[in-house]
Amino acid sequence: MQIQPAVKKETAYIAGSTIAGTCVMILAFWALHQFMPDTVPFDYKVILGGILGSAVAAGNFFFMGLTVQKIANTDNQDEAYKSMKASYRFRTLTQLLWVVLAMVLPVLNGAAGGISFFFPSLCIKARSILGMIKAK
């Protein structure tokens, strides 16, 4: 299956926005650590958690785009529904697994890994509010 240009374009936007959000988050961790070093950690765990969390979030969006692309080419409504439902379950379980790993693994900062999941949604909403997405 070929990846449609719209899926590539939107995934690149989400990935870039998520990376930018993660950089801001890492800077926030650093700044807070300067004022509250005993409360807010800043080490490689924050950076690694943020990077991996961003990858999971952007990957989740990409797989959603692939699923939508696949079902858009299908005439069978039942098959489309089942495919979308299965994709949703898989992506939700992947996110859950990531959150559990981020919290449990000692090499990751759980907060940094979890916060990254909010960036795609925030970027989509901000883009819409700013009028970058025009209704057709």
Side-chain angles (χ1 to χ4, degrees):
M1 173 169 70
Q2 286 236 335
I3 301 169
Q4 292 179 356
V7 173
K8 289 179 185 177
K9 179 183 172 189
E10 292 304 314
T11 301
Y13 170 76
I14 291 299
S17 300
T18 302
I19 290 168
T22 299
C23 289
V24 170
M25 177 195 66
I26 289 170
L27 286 173
F29 265 88
W30 176 80
L32 289 170
H33 179 73
Q34 300 306 308
F35 296 106
M36 301 177 283
D38 294 334
T39 309
V40 181
F42 184 75
D43 54 10
Y44 76 94
K45 297 175 185 181
V46 171
I47 296 168
L48 187 59
I51 291 170
L52 292 177
S54 295
V56 172
N60 182 46
F61 183 85
F62 175 69
F63 287 117
M64 179 186 64
L66 285 181
T67 302
V68 170
Q69 174 184 312
K70 178 184 168 190
I71 66 170
N73 295 327
T74 254
D75 291 332
N76 186 338
Q77 293 294 325
D78 290 334
E79 182 181 320
Y81 176 76
K82 287 177 186 176
S83 190
M84 195 65 182
K85 194 173 179 179
S87 169
Y88 179 76
R89 272 195 221 119
F90 171 75
R91 291 181 295 107
T92 301
L93 286 174
T94 302
Q95 289 177 334
L96 179 62
L97 176 63
W98 166 249
V99 169
V100 169
L101 288 175
M103 295 297 202
V104 171
L105 292 177
V107 296
L108 299 172
N109 180 288
I115 291 170
S116 300
F117 279 159
F118 294 103
F119 297 135
S121 177
L122 290 173
C123 294
I124 290 168
K125 288 177 178 119
R127 189 177 184 193
S128 179
I129 290 169
L130 295 174
M132 293 180 182
I133 298 176
K134 296 178 178 40
K136 293 184 180 182

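Starting from 1, each residue takes its place in the sequence as its number.
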S.K.: Please say yes or no: joined through hydrophobic side-chain contacts below 4.5 Å, possibly via intermediate residues, are I51 and L108 part of one cluster?
M.R.: no
S.K.: With rounding to the nearest 0.5 Å, note down the distance linking CG in L130 to NZ in K125.
M.R.: 14.0 Å
S.K.: Can F42 and I26 be said to form a side-chain contact (heavy atoms from CB on, under 4.5 Å), step by step?
M.R.: CA-CA 8 Å; F42 184 75; I26 289 170; 3.7 Å; yes
S.K.: Whether the side chain of S83 engages the backbone of E79 through a donor-acceptor N/O pair (distance < 3.5 Å, no angle test) should be reported.
M.R.: no
S.K.: Test side-chain contact (heavy atoms from CB on, under 4.5 Å) on W98 and N60 and set out the steps.
M.R.: CA-CA 11 Å; W98 166 249; N60 182 46; over 6 Å; no
S.K.: Does atom CD (Q77) have a neighbourhood of more than 12 heavy atoms from anything else shown, all under 6.0 Å?
M.R.: no
S.K.: If I compare all heavy atoms of T18 with all of S116, which pair ends up nearest, and what's the gap?
M.R.: CG2-O, 4.1 Å
S.K.: So how far is it from M64 CE to M84 CE, rounded to the nearest 0.5 Å?
M.R.: 6.5 Å
S.K.: Working to the nearest 0.5 angstrom, can you tell me the gap between R89 CZ and R91 CZ?
M.R.: 12.0 Å
S.K.: Work out which heavy atom in L48 is nearest to a heavy atom in V107; give both atom names and the distance.
M.R.: CD2-O, 3.6 Å
S.K.: With no hydrogens and no angle check, is any side-chain donor or acceptor of Q69 less than 3.5 Å from a backbone partner on Q2?
M.R.: yes
S.K.: Would you say that more than 12 heavy atoms from the other residues, nucleotides or ligands in this model lie under 6.0 Å from the OH of Y44, or not?
M.R.: yes
S.K.: Can you see which heavy atom on R127 is nearest to which on E10, and at what distance?
M.R.: NH1-OE1, 2.6 Å
S.K.: Apart from Y81 itself, what residues make up its hydrophobic cluster when side-chain heavy atoms of I, L, V, M, F, W and Y under 4.5 Å apart count as a link, directly or indirectly?
M.R.: none
S.K.: Quick one: do I115 and V46 end up in the same hydrophobic cluster if we chain Ile, Leu, Val, Met, Phe, Trp and Tyr together by side-chain heavy atoms under 4.5 Å apart?
M.R.: yes
S.K.: Determine whether I124 and I14 make a side-chain contact, defined as any pair of heavy atoms from C-beta on separated by less than 4.5 Å.
M.R.: yes
S.K.: So how far is it from W30 CH2 to D43 CG, rounded to the nearest 0.5 Å?
M.R.: 15.0 Å
S.K.: What closest approach, in Å, do S87 and T67 show between heavy atoms, and which atom pair accounts for it?
M.R.: OG-OG1, 2.9 Å
S.K.: Side-chain heavy atoms nearer than 4.5 Å, only ILVMFWY residues, links allowed to pass through others: does that put F63 and I3 together?
M.R.: yes
S.K.: Are M36 and F29 linked, directly or through intermediate hydrophobic residues, by side-chain heavy-atom contacts shorter than 4.5 Å (ILVMFWY only)?
M.R.: yes
S.K.: Quick one: do I47 and V24 end up in the same hydrophobic cluster if we chain Ile, Leu, Val, Met, Phe, Trp and Tyr together by side-chain heavy atoms under 4.5 Å apart?
M.R.: no
S.K.: Between A80 and I71, what is the shortest heavy-atom contact and its length?
M.R.: O-CG2, 3.6 Å
S.K.: Would you please test F117 and V99 for side-chain contact (heavy atoms from CB on, under 4.5 Å) and show each step?
M.R.: CA-CA 10 Å; F117 279 159; V99 169; 3.6 Å; yes
S.K.: Let me confirm one number: the CG-CG distance from L101 to L96, rounded to the nearest 0.5 Å.
M.R.: 9.5 Å
S.K.: Report the distance from atom CG of L105 to atom NZ of K45, rounding to the nearest 0.5 Å.
M.R.: 10.5 Å
S.K.: Which atom pair, heavy atoms only, marks the closest approach of A112 to N109?
M.R.: N-OD1, 2.9 Å
